[in-house]
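In what follows, every heavy atom counts, from backbone to side chain, and hydrogens, waters and symmetry copies are set aside. Numbering of ligands and ligand atoms starts at 1, following listing order.
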Amino acid sequence: MSKEASSAGTPANNTFTLTDNRSGKAYTLPVLKGTLGPDVVDVRKFYGETDCFTFDPGFTSTGSCESKITFIDGDQGVLLHRGYSIDELAEHSDFMEVCYLLLNGELPNRAEKYEFEHIITHHSMVHEQLTFFYRGFRRDAHPMSILCGVTGAMAAFYGDSLDITDPHQRLIASHRLIAKMPTIAAMAYKYSVGQPFVYPRNDLKYAENFLAMTFAVPSEPYHVNPVVAKAMDRLFILHADHEQNASTSTVRLAGSSGANPYACIAAGIASLWGPAHGGANEAALNMLREIGTPDKIPHYIARAKDKNDPFRLMGFGHRVYKNYDPRATVMQKTVREVFDALKVTDPLFDTALELEHIALNDPYFVDKKLCPNVDFYSGIILSAIGFPTTMFTVLFALARTVGWVAQWNEMISDPNQKIGRPRQLYTGPTERDYVEMGKR
Ligand code: SDX
């Protein structure tokens with residue numbers, strides 16, 4: 001553990017004292033300070049000293065780990081990657097540079113960036129046998145099911161990068177996952193539309209390569225639209241990492257058992273698929289299509305507020321952001337740029353803007369601090385570029401792979417790392433005797 005968060009030698013005033021009123025006994029717990037964000041009460045010895053568990057389903061008040069990668073301030077709408085704000089990275093950086101930053105902790109110099117991009121470019125092909133996996137899926141299989149399956153299957157093809165105790169093998173696996181996810185994702189799309197797979201090209205940048213593998217066809221040349229490529233690259237930056245969200249926590253928990261990196265990332269993909277998480281971008285666009293025109297918005301706002309109606313405004317709300325998601329702000333700006341460049345409009349964008357305006361002035365949403373999140377506008381851009389809604393979460397997973405890999409590496413290389421094994425509050429039956437069939 002780094003010195004910032006060490007509990008050793010905690011000054012007396014950096015403690016919490018709790019009294020168990022059942023016994024009158026007082027317990028003193030160390031408080032750990034990070035460089036930013038709330039202090040934490042170190043409860044690692046709490047059970048051993050008190051014979052009680054702490055209880056926090058959904059981890060609303062629990063820090064699961066120490067990390068140096070991403071910081072979020074939900075009240076201020078701040079998102080930092082290794083200290084750099086998402087607004088600055090989205091404006092001035094590119095996805096390969098952000099990948100290097102997340103993995104290594106510092107922005108690359110020119111030579112470092114060139115070498116990193118060269119490595120990723122030359123890992124973008126997949127083993128030719130992997131293509132046979134696709135033929136086992138129905139053509140109408142959701143591409144997330146393919147992404148999940150094929151990513152896990154990578155462990156069967158890259159046996160020289162499974163030993164998590166070997167930093168060199170961890171590095172190769174990290175590069176392979178970041179480099180091959182666009183190829184696997186594009187192949188999932190091609191398979192769903194019955195077109196031949198398109199191989200990666202080493203003369204194209206990361207986002208350009210992905211667009212070419214997705215939309216090029218062998219029968220004619222494909223020209224990457226630079227505005228679309230820039231928008232794609234920026235979307236990847238906006239989705240790259242996000243502290244200890246559900247899918248990242250899934251990757252960390254899977255990795256804590258020593259599972260290989262491909263299995264861990266497949267677990268993260270599975271978790272991201274849920275509509276409450278990364279699946280919300282697909283659900284948000286489907287919701288906007290269902291709403292259709294702005295005059296229907298009040299009906300859906302009423303449904304979202306109705307406790308008896310399971311309907312929620314998809315793309316709204318966040319466990320951490322309680323004023324605004326800085327990524328949604330950049331995303332909305334990118335919608336305008338893409339529409340202007342492609343000279344397209346989409347009435348759903350107008351519906352989305354009106355829905356945001358109405359919701360942000362409705363007491364229900366204001367009181368519950370519900371604001372648009374990263375998934376609210378992304379679908380509009382992706383739809384304008386030509387992706388079907390079923391590919392939206394695939395693109396989220398593609399971009400988040402670097403965040404999962406960076407967080408996985410940070411966990412594995414932590415000398416204090418141990419297997420994650422939460423406990424519970426048991427409220428089931430106490431011990432009872434077995435009942436023979438005839439007496440039931
Ligand atoms: C992502 O964690 C991350 O960082 C995730 C992510 C990342 O980059 O990894 O940012 C990506 O997953 C963004 C979130 C995408 N999901 C959605 O857009 C789905 C719709 N939103 C929700 O389901 C919800 O807001 C969550 C899951 C995002 C957050 O849920 P919380 O923090 O557990 O909050 P909650 O469900 O307890 O809701 C608090 C209250 C509830 O009302 P009460 O029970 O208090 O009366 O707000 C209500 C909820 O009913 N509420 C909503 C709502 N979201 C919450 N009501 C209507 N519409 C919504 N969208």
Side-chain angles (χ1 to χ4, degrees), residues 37 56-64 67 69-75 77-81 86 90 98 102 144 235-252 268-288 291 297 299-331 352 355-356 358-360 362-379 392-393 395-404 406-407:
D56 185 15
F59 310 118
T60 50
S61 302
T62 295
S64 62
S67 180
I69 298 173
T70 292
F71 175 74
I72 302 170
D73 182 327
D75 293 331
V78 169
L79 168 55
L80 306 178
H81 290 316
I86 193 64
V98 170
L102 289 170
M144 281 297 281
L235 259 82
F236 290 160
I237 292 174
L238 295 176
H239 288 82
D241 189 51
H242 212 240
E243 200 210 66
Q244 304 312 319
N245 58 83
S247 54
T248 298
S249 299
T250 301
V251 170
R252 279 181 171 261
I269 292 169
S271 172
L272 186 77
W273 196 357
H277 191 14
N281 55 15
E282 178 178 355
L285 196 79
N286 289 336
M287 174 192 71
L288 288 171
I291 293 173
I297 290 174
H299 168 68
Y300 284 89
I301 294 275
R303 284 191 59 193
K305 292 155 65 172
D306 179 355
K307 281 287 154 244
N308 300 316
D309 189 334
F311 174 80
R312 286 193 165 184
L313 284 186
M314 301 315 283
F316 261 78
H318 199 276
R319 171 63 57 79
V320 179
Y321 291 122
K322 297 307 176 189
N323 282 318
Y324 71 98
D325 180 338
R327 302 168 298 174
T329 309
V330 177
M331 202 73 82
L355 175 57
E356 176 182 358
I358 293 174
L360 295 187
D362 182 298
Y364 174 89
F365 293 91
V366 173
D367 294 348
K368 292 183 186 298
K369 299 178 180 290
L370 303 175
C371 57
N373 57 51
V374 68
D375 294 309
F376 187 61
Y377 287 106
S378 55
F392 290 3
T393 310
L395 300 182
F396 195 148
L398 189 170
R400 185 55 57 88
T401 295
V402 63
W404 290 330
Q407 299 267 354

For atom 21 (N) of ligand 1, the closest protein heavy atom turns out to be Phe316 O, 2.8 Å
Between Arg319 (side chain only) and Gly58 (backbone N and O only), is there a donor and an acceptor less than 3.5 Å apart? yes
Atoms of ligand 1 under 4.0 Å from any heavy atom of Asn245, numbered from 1 in the order shown, are 2 (O), 3 (C), 4 (O), 5 (C), 9 (O)
At the 4.0 Å heavy-atom cut-off, does Arg327 count as touching ligand 1? yes
Output the distance between atom CG (Asp375) and atom CG (Leu285), rounded to the nearest 0.5 Å. 11.5 Å
For atom 13 (C) of ligand 1, grab the closest protein heavy atom and report residue, atom and distance to one decimal in Å. Asp375 OD2, 3.4 Å
Going from OG1 on Thr70 to CD on Gln407, what distance comes out if it is rounded to the nearest 0.5 angstrom? 6.0 Å
Non-hydrogen side-chain atoms of Val402 and Val98 separated by less than 4.5 Å: no
Give a yes or no answer on whether the side chain of Asn281 reaches the backbone of Gly379 with a donor-acceptor pair at less than 3.5 Å. no
Tell me which protein heavy atom sits closest to atom 35 (P) of ligand 1, plus the residue, atom name and distance to 0.1 Å. Arg312 NH2, 4.1 Å
When only distance counts, is Asp325 in polar contact with ligand 1, meaning an N/O pair under 3.5 Å? no
Within the distance-only criterion (no hydrogens, no angle test), does the side chain of Asp56 pair as donor or acceptor with the backbone N or O of Ser61 below 3.5 angstrom? yes
Verify atom 26 (C) of ligand 1: protein non-hydrogen atom under 4.0 angstrom away: no
Please list the nearest protein heavy atom to atom 34 (O) of ligand 1 with its residue and the distance rounded to 0.1 Å. Arg319 NE, 4.8 Å
Can you tell me if Tyr364 has a non-hydrogen atom under 4.0 Å from ligand 1? yes
Looking at ligand 1, does Gln244 have a heavy atom less than 4.0 Å from it? no
N or O contact, Leu313 vs ligand 1, cut-off under 3.5 Å: yes
Is at least one protein non-hydrogen atom found at under 4.0 angstrom from atom 37 (O) of ligand 1? no
Mark up the atoms of ligand 1 that fall under 4.0 Å of a heavy atom belonging to Ala280, in ascending order. 15 (C), 16 (N), 17 (C), 18 (O)
Is there a protein heavy atom less than 4.0 Å away from atom 16 (N) of ligand 1? yes
Residue portion contacting ligand 1 (non-hydrogen atoms closer than 4.0 Å) for Ala246: neither
May I ask whether Lys307 has any heavy atom positioned less than 4.0 angstrom from an atom of ligand 1? yes
So which heavy atom in the protein is nearest atom 12 (O) of ligand 1, and how far is it from that ligand atom? His277 ND1, 2.9 Å
Per-atom contacts of ligand 1 with Gly317, taking only distances under 4.0 Å to non-hydrogen atoms: 25 (O), 28 (C)
With distance as the sole test, does Ser249 use its side chain to make a donor-acceptor pair with the main-chain N or O of Gln244 at under 3.5 Å? yes
Of the protein's non-hydrogen atoms, which lies at the shortest distance from atom 19 (C) of ligand 1, and what is that distance? Met314 CE, 3.5 Å
among protein heavy atoms, the one nearest atom 52 (C) of ligand 1 is Leu370 CD1, 3.5 Å
Would you mind running through ligand 1 and noting each atom that sits below 4.0 Å from a heavy atom of Gly315? 17 (C), 18 (O)
Ligand-side contact atoms (ligand 1) for residue partner His318, heavy atom cut-off under 4.0 Å: 2 (O), 3 (C), 4 (O), 5 (C), 6 (C), 10 (O), 13 (C), 25 (O), 28 (C)
Show which atoms of ligand 1 fall inside a sub-4.0 Å distance from at least one heavy-atom site of Ala304. 57 (C)
Over 60° means perpendicular and under 30° means parallel, so classify the ring planes of His242 and Tyr321, tilted if in between. tilted
Tell me, do Ile269 and Thr393 make a side-chain contact under 4.5 Å, heavy atoms counted? no
Starting from atom 40 (C) of ligand 1, what is the nearest protein heavy atom, named by residue and atom, and what distance separates them? Lys368 CD, 4.0 Å
Rounding to 0.5 Å, atoms CG (Asp325) and CE (Met331) come to a distance of 8.0 Å
Atom CE of Met314 and atom OH of Tyr300: how far apart are they, to the nearest 0.5 Å? 14.0 Å
Is any side-chain heavy atom of Leu395 closer than 4.5 Å to a side-chain heavy atom of Leu235? no
Measuring from the heavy atoms of Gly279, does anything fall under 4.0 Å of ligand 1? no
Can any side-chain N or O of Asp362 pair as donor or acceptor with the backbone N or O of Ile358 at less than 3.5 Å? no
Can you measure from CG (Asn245) to NE2 (His318) and round to the nearest 0.5 angstrom? 7.5 Å
Going by heavy atoms in the side chains, are Trp404 and Thr250 under 4.5 Å from each other? no
